[in-house]
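The structure under discussion appears below in the form of structure tokens.
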Amino acid sequence: GEDVEQSLFLSVREGDSSVINCTYTDSSSTYLYWYKQEPGAGLQLLTYIFSNMDMKQDQRLTVLLNKKDKHLSLRIADTQTGDSAIYFCAVLNQAGTALIFGKGTTLSVSS
Amino acid sequence: NAGVTQTPKFQVLKTGQSMTLQCAQDMNHNSMYWYRQDPGMGLRLIYYSASEGTTDKGEVPNGYNVSRLNKREFSLRLESAAPSQTSVYFCASRELLGTDTQYFGPGTRLTVL
């Protein structure tokens, strides 16, 4: 079946880089997504990558896609305390009808 | 442009009570979704509506019903609430052009006692 897997927790120190990893099974996604959820809030789109790309850089964010291994990663450079949140990887299901989400990675940034 | 709005923000129900969660979007999106979020479970799809007049079951539809009232509004109804339905409920809508992104509402925090 379709599945998206992420590690549940990541703890880093302020100023370090954070890398959040995601693997997925089947997907019809033209785009693959990273969403961010701050405490008590809804999910906001953080960034996305086109499925034909290997890498996308957006300021402090770098998304890497290995389509052969079905592996997606999000790197946050110079991590700040304001980056503390839950990060979700999401891909479109095979039918193309809805996004499938990982369980989310809780990023904790200490000063 | 308010995006996706949900009401209420918080609700406490007793077992067996019914209620409807409301969702509206002003982005002229065809597709709308209801998810629930539980600790350690991520987001699970309850129901979705690919377009006005159609609805389909997602991963966890039992105990819920939906209505796609018009293109803007998609409601979720709990006919007889159970403690297992204590959760945070998110509505989303999706643009099918461009980046095919789903946009989420702020959520409804429901507690069933």
Side-chain angles (χ1 to χ4, degrees), chain A residues 1-9 20-53 56 58 63 65 72 85-106, chain B residues 2-7 9-10 21 23-25 27 29-51 54-61 66 68 74 87-109:
Chain A
E2 299 157 333
D3 197 17
V4 178
E5 296 281 344
Q6 298 178 243
S7 53
L8 294 183
F9 299 101
I20 302 172
N21 293 301
C22 169
T23 56
Y24 58 95
T25 54
D26 299 316
S27 171
S28 64
S29 271
T30 301
Y31 294 91
L32 297 92
Y33 307 90
W34 285 102
Y35 281 83
K36 178 182 180 182
Q37 184 182 33
E38 296 186 353
L43 277 72
Q44 288 194 304
L45 180 68
L46 187 64
T47 188
Y48 61 89
I49 186 167
F50 186 53
S51 59
N52 282 351
M53 296 172 67
K56 178 184 177 182
D58 184 0
V63 180
L65 174 61
L72 186 69
I86 305 175
Y87 292 81
F88 292 90
C89 169
V91 302
L92 205 57
N93 62 11
Q94 275 289 86
T97 52
L99 288 181
I100 305 171
F101 288 84
K103 290 184 169 51
T105 300
T106 298
Chain B
V4 181
T5 57
Q6 292 183 236
T7 55
K9 285 189 166 46
F10 301 93
L21 281 65
C23 173
Q25 52 92 8
M27 295 175 282
H29 291 164
N30 284 316
S31 297
M32 297 185 72
Y33 304 84
W34 277 105
Y35 291 89
R36 60 178 287 175
Q37 184 180 25
D38 302 291
M41 300 292 290
L43 275 82
R44 292 182 292 170
L45 183 65
I46 304 171
Y47 269 95
Y48 67 97
S49 171
S51 61
T54 69
T55 60
D56 286 283
K57 294 178 181 179
E59 182 186 355
V60 288
V66 290
R68 184 73 183 268
F74 188 38
S87 189
V88 181
Y89 291 86
F90 289 101
C91 178
S93 69
R94 175 177 163 215
E95 63 175 9
L96 298 182
L97 300 174
T99 58
D100 206 8
T101 298
Q102 276 185 212
Y103 296 88
F104 284 81
T108 294
R109 282 148 186 80

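Quantities reported herein were computed from a predicted structural model and do not represent experimental measurements. Sequence lines set the chain letters: A, B, ... in the order given, protein chains first and strands last, and positions in each chain run from 1.
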key: Most chain B-contacting option - heavy-atom pairs closer than 4.5 Å, from A/Thr97, A/Thr30, A/Thr106   = A/Thr97
Interface moiety of B/Gln37 toward chain A, non-hydrogen atoms closer than 4.5 Å = side chain
ask   = Side chain, backbone, both or neither: which part of B/Arg109 has a heavy atom under 4.5 Å from chain A?
value = side chain
request  = Against chain B, label A/Ala98 side chain, backbone, both or neither, depending on which of its atoms sit under 4.5 Å from a heavy atom there.
outcome  = both
request  = Output the option from A/Leu92, A/Val4, A/Leu8 having the highest count of non-hydrogen pairs under 4.5 Å with chain B.
outcome  = A/Leu92
inquiry  = If I compare all heavy atoms of A/Phe88 with all of A/Lys103, which pair ends up nearest, and what's the gap?
reply    = CE2-O, 3.6 Å
Between B/Arg94 and B/Tyr103, a side-chain donor and acceptor under 3.5 Å = no
note = Nearest heavy-atom contact between A/Asp3 and A/Thr25 is N-OG1, 2.7 Å
ask   = Is it the side chain or the backbone of A/Gln6 that comes within 4.5 Å of chain B heavy atoms, both, or neither?
value = neither
inquiry  = Ring centres under 6.0 Å, that's the criterion: do B/Phe90 and B/Tyr35 meet it?
reply    = no
request  = Answer with yes or no after comparing the ring centroid distance for B/Phe104 and A/Tyr35 against a 6.0 Å cut-off, counting only values under it.
outcome  = yes
request  = Against chain A, label B/Ser31 side chain, backbone, both or neither, depending on which of its atoms sit under 4.5 Å from a heavy atom there.
outcome  = neither
key: Pair B/Asp38 + B/Arg36, salt bridge at N-O below 4.0 Å   = yes
